[in-house]
There are 2 protein chains.
Amino acid sequence: MTENMPEQTAENTPLQQMVMFRLARLHAKVNAQSTKILNKSAGLSLSQWRIMVLIETHGKITPTKFVRLTKFDKGLVSRTIKGMIKSGLLHSESSKSDQRSHLVDMTEKGRALFEKARPHMRQRQSRLLECMTLAERQALFQSFDKLELAIDDLESLS
Amino acid sequence: MTENMPEQTAENTPLQQMVMFRLARLHAKVNAQSTKILNKSAGLSLSQWRIMVLIETHGKITPTKFVRLTKFDKGLVSRTIKGMIKSGLLHSESSKSDQRSHLVDMTEKGRALFEKARPHMRQRQSRLLECMTLAERQALFQSFDKLELAIDDLESLS
DNA sequence: CTTTTTTTGTTGACACATCAACTAAATTTG
DNA sequence: CAAATTTAGTTGATGTGTCAACAAAAAAAG
């Protein structure tokens, strides 16, 4: 009935909460689709994928370095890596300079799954980027930067 | 040490995954801050707040209508409302035309807490919007629209 | 060198999110 | 109107994300 009516848009809502709402919804959609693609193409979870992507671009890495780069929760990272080692996707070599720390890298099995999922993830990523012009993409990333800064600023004075 | 170095930016990463990563990080930050503000100012959770905001702008509402408007999970909505009724923030009046359905509205207690949290949430919202120009805000929402559409399109042909 | 502080990583508890199975009322269909 | 389908809402199982407490190694301070 009221199917295609714009019941909640930037226009009819008192700006109120729009950033938060829209961000949450978009994030949920992107995540759900990522999860589906990863699971279908390689049986990977989103957390596993994220760790693999960072290993791919930065080489073998310590959990703490991963946390610093991504700001993801260190508990979640620890557990995900532990699981991936158990299932043979990663192997860890303990650092000689620091007995607490360990460098983590993909195994052949892990890399094989990564390569299996990658084209699908790349294609999705391309589609997401292609729906905007270059200028729009740059503006989007710039807005992300500004928003993160604004949040950090507010955080610091509270 | 490598504290303020842009270790992971749009420039030095092969575009790869940036939309997803940035979106996830921003969402996490916004959410964490919202949760903190709501909890500190009124002891509300984010889910509770979302329901209250929609009641405020749309008047008394059924769970299903809320789900259609926000795309939030209906299980989560059901449980959140149940909890809010139990703690006296909402009351429900059963619809006479449909015995399954019930209209939900804020109680005085609920509204009082809502009003207590609102100025803090508004101020934060303002700060988030003020960090961008009008044109940038419009571009941001437009990009959100485009991205959601792109995801839906991909979804439909799979 | 020994005490204190910081850093690395793990773990437990818990809130939030997602998915699917389910009940019951309403609606559609033949 | 009876059977089949759709819709509203609840519930359980499970996965993900967040927070804080913790142990052990390393670094800094005395």
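Only a predicted model underlies this, so the values are computations on that prediction, with no experimental measurement involved. Sequence lines set the chain letters: A, B, ... in the order given, protein chains first and strands last, and positions in each chain run from 1.
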message: Do L128(B) and F141(B) land in one hydrophobic cluster if side-chain heavy atoms of ILVMFWY residues count as linked below 4.5 Å?
response: yes
task: Using a strict 4.0 Å threshold on nitrogen-to-oxygen distance, state whether R127(B) and D153(A) make a salt bridge.
output: no
task: Please check the phosphate of dA17(C) (OP1 and OP2 only) for any side-chain N or O of R50(B) closer than 4.0 Å.
output: yes
field: Charged tip of R50(B) within 45° of F72(B) ring normal and under 6.0 Å
entry: yes
message: If I take atom NZ in residue K65(B) and atom C1' in nucleotide dT7(D), what distance separates them, rounded to the nearest angstrom?
response: 16 Å
query: Just how far, in rounded Å, is P of dA8(D) from CD of E93(B)?
result: 18 Å
query: Whole Å only: how far is the CG atom of L46(A) from the P atom of dT14(D)?
result: 21 Å
query: What is the distance, rounded to the nearest whole Å, between atom CH2 of W49(B) and atom P of dC16(C)?
result: 16 Å
query: Are OP1 or OP2 of dG17(D) and a side-chain N or O of S47(A) less than 4.0 angstrom apart?
result: yes
message: Quick check on DNA chain D: between L76(B) and D98(B), whose nearest nucleotide comes earlier from the 5' end?
response: D98(B)
task: List for me each residue that meets salt bridge (Lys or Arg N to Asp or Glu O under 4.0 Å) alongside E56(B), sequence neighbours excluded, and say none if there are none.
output: R111(B), R118(B)
Spacing of K74(A) atom NZ relative to dA21(D) atom C1', expressed in whole Å: 10 Å
- request: Could you tell me the separation between the CZ atom of R68(A) and the P atom of dT8(C), rounded to a whole number of Å?
  value: 6 Å
statement: So, with a heavy-atom separation below 4.0 Å from DNA chain D, the residues of residues 26-42 of chain A are none
query: Which heavy-atom pair separates A42(A) from K116(A) by the least distance, and what is that distance?
result: CB-CB, 4.4 Å
query: So, does S126(A) use its side chain to make a donor-acceptor pair with the main chain of R122(A) at under 3.5 Å?
result: yes
- request: Give one of base, sugar-phosphate or nothing for D73(B), where a contact means two heavy atoms less than 4.0 Å apart.
  value: base
- prompt: Does a side chain donor of either S45(B) or S47(B) reach within less than 3.5 Å of an acceptor in the other side chain?
  reply: no
query: Starting at the 5' end of DNA chain C, which residue's closest nucleotide do you reach first, G75(B) or S45(B)?
result: S45(B)
message: Less than 4.0 angstrom between a side-chain N/O of R79(A) and OP1 or OP2 of dT18(D), yes or no?
response: no
- request: Would you please confirm or rule out a distance under 4.0 Å between OP1 or OP2 of dG9(D) and any side-chain N or O of K82(B)?
  value: no
task: Could you state the atom-to-atom distance from CD1 of I61(B) to C1' of dA8(D) in whole Å?
output: 14 Å
message: If the cut-off is 4.0 Å, is S101(A) near the phosphate of dG9(C), judged by side-chain N/O to OP1 or OP2?
response: yes
- line: Rounded to whole Å, CG of L44(A) lies from C1' of dT16(D) at a distance of 16 Å
message: Could you check whether the side chain of R100(B) and the base of dA8(D) have a donor-acceptor pair of N or O atoms closer than 3.5 Å, going by distance alone?
response: no
Qualifying residues under side chain to side chain donor-acceptor pair (under 3.5 Å), relative to K36(B), sequence neighbours excluded: E155(A)
- request: Check every strand shown and say whether S97(A) touches a base, only sugar-phosphate, or nothing at a heavy-atom separation below 4.0 Å.
  value: sugar-phosphate
Residue-phosphate contact under 4.0 Å: S78(B) side-chain N/O, dG9(D) OP1/OP2: no
